[in-house]
Amino acid sequence: MSTGIYEAIKKEIVEAMKRGDTATRDFARVVKAELDRKGDGRPLPDADATRILKALRVTAEENQNAFELAFLDRYLPKELSEAEIEAWVRANVDFSQLKSPMAAIGIVTRALGPSAPGERVKQVIEKIVKG
């Protein structure tokens, strides 16, 4: 279980305090508190932390808060494009071994993690199946 995002946020708080960057320190504390709340005080795996950061990002977008968006984007994994997901699927998934082509969604999302959102994976698989 990787807790890289959680640990990175904790480190960001300390570094911001050393720099005297109160805005970053305060927002990092808000993010860490949200991660702590959802994890019942335990560090969250990156997949869970990513979901929380994405939800916080939606709020920051609604509020048009460029500072928060930039902060969250530093910690969110970069998502793969449809072309990148399609290339991975074609190289790694044998549809003839699956009961249903849509069963590949789980295989792909488990293998690629947060960098391949389920909805995008579904669209790619539907495109491949339709030919």
TODO: May I ask you to decide whether K10 forms a salt bridge with E7, counting only side-chain N to carboxylate O separations under 4.0 Å?
DONE: yes
Task: For the student: nearest non-hydrogen atoms of I9 and A28, plus distance - done: CG2-O, 3.6 Å
TODO: Search all heavy atoms of G118 against all heavy atoms of T109 and return the closest pair with its distance.
DONE: CA-CG2, 3.8 Å
Open item on the list: Would you say that L56 contacts L53 through its side chain, given a criterion of any heavy-atom pair below 4.5 Å between the two side chains?
Closed with: yes
Task: Heavy-atom side-chain contact between T22 and R25 under 4.5 Å - done: yes
Task: Inter-residue atom distance E12.CD - F71.CZ, 0.5 Å rounding - done: 5.0 Å
Open item on the list: Using a strict threshold of under 4.0 Å (side-chain N to carboxylate O), is an ion pair present between E61 and K54?
Closed with: no
Open item on the list: Return the CD to CZ distance between E84 and R120, rounded to the nearest 0.5 Å.
Closed with: 9.0 Å
- [ ] Step by step, work out the salt bridge (charged side-chain N to carboxylate O under 4.0 Å, His left out) result for E15 and K18.
- [x] CA-CA 5 Å; E15 290 174 0; K18 288 178 183 176; over 6 Å; no
Task: D46 (side chain) donor-acceptor with I5 (main chain) under 3.5 angstrom - done: yes
TODO: Indicate, with yes or no, if V58 and L72 share a hydrophobic cluster defined by side-chain heavy-atom contacts under 4.5 Å among Ile, Leu, Val, Met, Phe, Trp and Tyr.
DONE: no
Open item on the list: Return the NZ to CD distance between K127 and E82, rounded to the nearest 0.5 Å.
Closed with: 6.0 Å
- [ ] Any chance you could pull the hydrophobic cluster mates of I128, using side-chain heavy atoms under 4.5 angstrom and chaining through other members?
- [x] L80, I85, W88, V89, V93, F95, L98, M102, I105, I107, V108, L112, V121, V124, I125, V129
TODO: Test salt bridge (charged side-chain N to carboxylate O under 4.0 Å, His left out) on R90 and E86 and set out the steps.
DONE: CA-CA 6 Å; R90 290 188 186 280; E86 182 175 346; 2.9 Å; yes
- [ ] Salt-bridge test for D36 and K32: reply yes if a basic N is under 4.0 Å from a carboxylate O, no otherwise.
- [x] yes
TODO: For the pair K78 (side chain) and D73 (backbone), establish whether a donor and an acceptor sit closer than 3.5 Å, ignoring hydrogens and angles.
DONE: yes
Task: Steps toward side-chain contact (heavy atoms from CB on, under 4.5 Å) verdict (E68, V30) - done: CA-CA 11 Å; E68 291 179 6; V30 167; over 6 Å; no
TODO: Verify the cluster assignment for V14 and F27: are they in a single hydrophobic cluster under the rule of side-chain heavy atoms below 4.5 Å apart?
DONE: no
Task: Minimal non-hydrogen separation, T50 against L76, with atom names - done: O-CD2, 3.7 Å
Task: For D26, salt bridge (charged side-chain N to carboxylate O under 4.0 Å, His left out) partners two or more places apart - done: none
